[in-house]
Every structure is written in C-alpha cells, then in structure tokens.
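Values in this document were obtained by computation on a predicted structure and should not be read as measured data. By convention in this document, chain letters (A, B, ...) are assigned in the order of the sequence lines, proteins followed by strands, and residues within each chain are numbered from 1.
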There are 2 protein chains.
Amino acid sequence: MRADAQRNYDRIVEVAREVFREQGYDASLDEIAKRAGVGPGTLYRHFPKRENLLDAIMQSWVDRVTAASEKALAYEGADRELLLRWFEEYVALISLHKGGPAKITSALGDPSSPILTKCQVLTSANDRVIERLREDGVLRDGVDTVQVCRLVGGIATVADQGDLDAAAVRPLLEVVADGLLR
Amino acid sequence: MRADAQRNYDRIVEVAREVFREQGYDASLDEIAKRAGVGPGTLYRHFPKRENLLDAIMQSWVDRVTAASEKALAYEGADRELLLRWFEEYVALISLHKGGPAKITSALGDPSSPILTKCQVLTSANDRVIERLREDGVLRDGVDTVQVCRLVGGIATVADQGDLDAAAVRPLLEVVADGLLR
DNA sequence: CTACGATACGGAGACCGTCTCCGTTTAGCA
DNA sequence: TGCTAAACGGAGACGGTCTCCGTATCGTAG
C-alpha cells in the first residue's frame, strides 16, 4: 500500500471509531469522510461496505474480548456467579456502540458477514467459558454454546434498543443463567 | 372524515399491510403511496410518522393477540408446556413482519411510541398468562412480567435478524422457561 | 534528477427515500 | 347551484449512499 493510502486508511478508521461511538452504527459515512479530510470516493474505495469499516475498527476490540474471557475464567467462586460475570462482560463488549448487539448477534449466523472473523473471537471466548462449566458438570444437558450467544445477544439487543441500564439487564441474565444451570 | 379521505385512508392501510409483509418495516412509503394511487402528501397527512401507519395496520392484530392468550390459558397440561406454548404464540405474533420483534419490543419501554396502545394489548395478554402461573405458585420469586416480554422479545429479535426457524427458537424459549419456573 | 506509469485522490452528481409546501380539486352543505 | 372547508397530489428540498472519472501524487527505473 502506498504511504498516502496508508495514512488515509488509518485516519479514516480513527475518525470512524470516534463518530460511531458518538452517533451509533448508522452515522453518515460521508460525514466520516469529511471529518477525516478525504473525499467520499476514498472512503468507499478502502471500505466498500459499511461493515468493512466496522471490521477495521474492531481490531482493538478482539484483544478486549479475550482479556474478558480470561478474567471470567480466573474467577474463583460459584458457577452461577462466574456465568453471570461472563454474561455481563459479554453484554458490555457487544454494546460498545449503539446498534452493536443486533449487528454482532446477527453476524454470528451469517457466513458471509464481513465482521465474521471478529465475531468468531467472541464465540470462541464464549465457548471456553461454557466448556469449562460443562466439564464441571453444572450445565443442563443439551446446552449449545451458540444458543448461549443468541440468548445473551437477545438480551443485549433489547437493552440497547430500550436504553436499559445494567441494573435492569441483570435480572434478565439471571433468568437465562438459571435456565442453563442444573 | 370526508368520504374521499376515508377511501384513501383505507386503501393506504390495505396496501401498506401488503407491502410491509413483502418488504419489511422499512419499505419505501412513497412506494406505498404510489401503489395506493395517492400522492405522498396524502399519505403523510394521514400518517405523519411511519409508526402511525403501523398502528393502523395493527388493528386486526390486537384481536389475534387476545385470542392467542385465551388459547394459551385454556391449555390443560403442565405449566412448563403452557408457558412454552404462550411463548411460541408470542414470538409468532411479533414476528409477522421482518423487523417486527425489534420494533415492538423497544416500544414496550417507550411511553411516547405511537404503537404503544397496541403493544399494551400484548403486555396485558402476557400479564394474564404470567399471573395465572404465579397464582399456581410455580414461578420463581421476583419474576416481573415486563422482564418476560423483554426476554422473549429478545429471542424473537435475534431469530428475526438471523432467520432462525421455529425449531431453532424452541430451545432458547425452553431455557428462559426453565429459568422462570421453580 | 527526471520522467513516467501505476496508484490513489476527491468531488460532482446520480439515485433513492423522506417529508413539506402550496396551488388545485372536490365533497357536501345551504 | 354555488360556496367553502377539506382533501389532494406532485414538485422539489433535503440528506444519505455510492460511483465515475479527470486530476494529483507516489515511487521507481533510467
């Protein structure tokens, strides 16, 4: 990549991260281009679809995901509480931007999603937590890790769309946790 | 209302029902106007916001909701199965159109939503089912009816966005049911 | 150091959906 | 039949997405 192209690429990602945080996932891309000091053409050449831009932004996010799952696994305490802590981390991780829970949760089942690779980091983090509980024998039979992602993703989605705070989300997560544990 | 106005109103609602079913909630309103043989001005005078049109469409829907809750309450069988049957009805009712689950579930917590009154029919139907189970003493303590709506609405939302079929939704509903029952 | 070709830029503008304004038409009453 | 309030509808402003293509720049080969 040419040096000027790299500069613009980096600058667009940086600005986009900021704008998406301010305005959510459907912020105007032309506005991002303008703020980054490039023409719309440049933005669309680097990122043909909105989601390609999202994908680039998420580079730093994957680190947070693995850190969060390790933190959850390191917890020394009751299984239910471990699970709930992980769920809260999970919700927080996918709720960083408005519209995030819906975008990410629906990408889980879409093999052609441009952010698929990033989401797989999340699902495999979730797998690690669930498998650990399964080995401890505290899970009900037939619990599938992708089902867990859907359940928690669903809660995060309604919380995002209804502007619920963590206190309102917690009891919902508890219901799911109780439904999963023996 | 003048006779011609009434004619146009009815025709728009009829066409909108059809178009929303075909294309989902974000179909073009101008297209609906065109198909209904009226100008966009006419459509927007009758229905200033997209949701006002939704509200009109839902008139027949409220009947289905109450019928569904009565059907669920009439079920003679295990509590868990009763709850699951209601959940499946609930999901079906809010998933009639693409984007429906998200729209309806987020309207539950938004006092200014134009479709609020219609959604209240749904929440009170849900209340009846949950209260019946509470009287039977099979619910865990602290279960709140609006939480139930959010949980099931969340599942319906991810199912809608991920194109899941009833067979994939059922186990998710089971987890929630098990988390709610003693 | 220069010249050249490949690469990248960026803005004009096409396209589409939303929504409004206002001149024109029409219903329905007296 | 004539009048007026009510309703109509389409032109067009606006904002967002995305493309095309003439122009500018990079980086290298000579």
Between Pro40(A) and Gly41(B), whichever has its closest DNA chain C nucleotide further toward 5' is Pro40(A)
Regarding Arg35(A) and Glu22(A), does a basic nitrogen lie under 4.0 Å from an acidic carboxylate oxygen?
yes
Between CD of Glu51(A) and C1' of dT17(D) the distance, given in whole Å, is 15 Å
Taking 4.0 Å as the cut-off, does a side-chain nitrogen or oxygen of Asn8(B) come that near to OP1 or OP2 on dC8(D)?
yes
Salt bridge (charged side-chain N to carboxylate O under 4.0 Å, His left out) between Asp26(A) and Lys98(A), worked out
CA-CA 9 Å; Asp26(A) 34 9; Lys98(A) 193 135 187 64; over 6 Å; no
A correct 5'-to-3' footprint of nucleotides 25-30 of chain D, with B, S and - meaning base, sugar-phosphate only and no protein heavy atom under 4.0 Å, is BSS---
In whole Å, I'd like the distance from the CG atom of Leu53(B) to the C1' atom of dC19(C).
14 Å
Value in whole Å for how far the P atom of dC19(C) lies from NZ of Lys34(B):
17 Å
Pairing donors with acceptors under 3.5 angstrom, does anything connect the side chains of Asp30(B) and Ser28(B)?
no
What integer distance in Å separates Arg11(A):CZ from dA8(C):C1'?
18 Å
Presence of His46(B) side-chain N/O under 4.0 Å of dC8(D) phosphate oxygens OP1/OP2:
yes
Write down the distance between CZ (Phe47(B)) and P (dC8(D)), rounded to a whole number of angstrom.
11 Å
For Phe47(A), which residues count as a ring pair (Phe, Tyr, Trp, His ring centres under 6.0 Å) partner, sequence neighbours excluded?
Tyr9(A)
Would you say Thr42(B) places a side-chain N or O within less than 4.0 Å of OP1 or OP2 belonging to dG9(D)?
yes
Pairwise N/O distances under 3.5 Å, protein to nucleotides 16-18 of chain C:
{"from": "dT18(C)", "atom 1": "OP1", "to": "Arg50(B)", "atom 2": "NH1", "distance (Å)": "3.3"}
{"from": "dT18(C)", "atom 1": "OP2", "to": "Ser28(B)", "atom 2": "OG", "distance (Å)": "3.3"}
{"from": "dT18(C)", "atom 1": "OP2", "to": "Leu29(B)", "atom 2": "N", "distance (Å)": "2.7"}

Suppose the criterion is side chain to side chain donor-acceptor pair (under 3.5 Å): which pairs have a residue in residues 148-158 of chain A, not counting sequence neighbours?
none
Rounded to whole angstrom units, what separation is found between the CZ atom of Arg45(A) and the C1' atom of dT7(C)?
9 Å
With a 4.5 Å cut-off on side-chain heavy atoms, are Val91(B) and Val152(B) touching?
yes
Go through the structure and list residues passing side chain to side chain donor-acceptor pair (under 3.5 Å) with Thr145(A), not counting sequence neighbours.
Asp127(A)
Check Lys103(A) with Asp160(A), please: is the shortest side-chain N to carboxylate O separation under 4.0 Å?
no
Sequence neighbours left out, what passes ring pair (Phe, Tyr, Trp, His ring centres under 6.0 Å) with Phe20(B)? Give chain and number order.
Tyr25(B)
